[in-house]
Amino acid sequence: MGRVLLGVNIDHVATLRQARGTRYPEPVQAALVAEQAGADGITVHLREDRRHINDRDVELLAQTLQTRMNLEMAATEEMVAIACRIRPAHCCLVPEKREELTTEGGLDVMGNQDWIARCCKTLGEAGIEVSLFIDADAAQIQAASDCGAPAIEIHTGHYADATDAEQQARELARIRQAVEQGNQLGLVVNAGHGLHYHNTQAIAAIDGINELNIGHGIIARAVISGLDEAVRHMRQLIEQSR
Ligand SMILES: CC(=O)[C@@H](O)[C@H](O)COP(=O)(O)O
Ligand SMILES: NCC(=O)COP(=O)(O)O
């Protein structure tokens, strides 16, 4: 089984900055520390409301990252235009609701197939690898493939939020099936949302997963033990799960 890549999402470094409107902590500095500690890529979510990561952060990261950027964004004309200007290595199309605390569900690809397919085409023509952030749902995975997306990211939030071992096992089985279906369709399969130091290894152990995108759990650990340690520890846990 190949090495599972780690994408570190630094959104919540920017959350801390936005809490006071200061110039610190600097997301760019966090990204470079995370890369030096073993991150294979940096993920940022440029939300329509710019509640954390903003346009300036994305511009500076595009000029400074040593690995690669995975730009998460809503499937809107505004965001597609920004992505085509910035040209990150990866773009992940995610659903967004202003009132949500964090991403709640996966993208409804089936319900927006034509538009999502157009976004995939436009972004692909700009040299960007597009992934679609979707639930572990067979019909949505098939729709993602039909849209021409080369990659999907399985939403692990329901697994992470499971309230008992039985529910968690059910969600894990769904994710396993989703990874298998994605691989069978020739898709690159990533996963993320709500992963932390006590629930990541079971996901990382699933054969066929390409990359895990982890943010809140790592940044929360970094508040206590520093970002370098937080990233190295997560890197180690992922390696030990294979
Ligand atoms: C799509 C996803 O699961 C996260 O990467 C997303 O960024 C969560 O949104 P917040 O970062 O605003 O919590
Ligand atoms: N797409 C998932 C991601 O980038 C990080 O999500 P989280 O770990 O902050 O929940």
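Read the numbers this way: they start at 1 and go in the same order the structure lists the ligands and their atoms. Bear in mind the structure is a predicted one, so any value in this text is a computation, not a measurement.
Atom 13 (O) of ligand 1 has T102 OG1, 2.6 Å as its closest protein atom, hydrogens excluded (heavy atom only). With respect to atom 2 (C) of ligand 1, the closest heavy atom belonging to the protein is H193 ND1, 3.4 Å. Nearest to atom 5 (O) of ligand 1 among the protein's heavy atoms is E72 OE1, 2.5 Å. Scanning the protein heavy atoms around atom 11 (O) of ligand 1, the nearest turns out to be D11 OD2, 2.5 Å.
Atoms of ligand 1 found under 4.0 Å from any heavy atom of V94, numbered from 1 in the order shown, are 1 (C). For ligand 1 and N9, the ligand atoms under 4.0 Å from any heavy atom of the residue are 5 (O), 7 (O).
The minimum heavy-atom distance between I203 and A191, with the atom names listed, is CG2-CB, 4.3 Å. Taking every heavy atom of both residues into account, D108 and Q140 meet most closely at OD1-NE2, 3.0 Å. Taking both residues in full, the closest heavy atoms of K97 and R47 are given as O-NH1, 4.3 Å, listed atom of the first, atom of the second, then distance. The two residues V109 and C147 make their nearest non-hydrogen contact at CG1-SG, 3.6 Å.
Residues D40 and R235 are in side-chain contact: their nearest non-hydrogen atoms beyond the backbone lie under 4.5 Å apart. Using a 4.5 Å cut-off on side-chain heavy atoms (C-beta onward), T103 and H193 make contact.
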Report each N/O pair between ligand 2 and the protein that falls under 3.5 Å, naming both atoms.
unit_1   : atom_1 : unit_2 : atom_2 : d
ligand 2 : 1 (N)  : E72    : OE2    : 2.7
ligand 2 : 1 (N)  : E153   : OE2    : 2.6
ligand 2 : 4 (O)  : N9     : ND2    : 2.9
ligand 2 : 4 (O)  : E72    : OE2    : 3.2
ligand 2 : 8 (O)  : G215   : N      : 2.7
ligand 2 : 8 (O)  : H216   : N      : 3.4
ligand 2 : 9 (O)  : H216   : N      : 2.9
ligand 2 : 10 (O) : G194   : N      : 2.8

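Contacts with ligand 1 closer than 4.0 Å are made by side-chain heavy atoms of R47 only, the backbone lying farther away. Only side-chain heavy atoms of H12 come within less than 4.0 Å of ligand 1; its backbone N, CA, C and O stay farther off. When non-hydrogen atoms are compared, ligand 1 lies under 4.0 Å from neither the backbone nor the side chain of E153. Here T43 has no heavy atoms under 4.0 Å from ligand 1, in either its backbone or its side chain.
Residue Q240 places its CD atom among more than 12 non-hydrogen atoms of other residues, nucleotides or ligands, all under 6.0 Å distant.
E129 and H90 share a donor-acceptor pair across their side chains, judged by distance under 3.5 Å alone.
In the hydrophobic cluster analysis, where Ile, Leu, Val, Met, Phe, Trp and Tyr join through side-chain heavy atoms closer than 4.5 angstrom, L32 is grouped together with V8.
Here the shortest heavy-atom distance to atom 6 (C) of ligand 1, taken over H52, H45, M73, belongs to H45.
Each salt bridge (charged side-chain N to carboxylate O under 4.0 Å, His left out) pair with one or both residues in residues 73-83, not counting sequence neighbours, appears once here: R50-E78.
Evaluated for a side-chain contact (heavy atoms from CB on, under 4.5 Å) with L123, the options M73, R118, M79 yield exactly one hit, M73.
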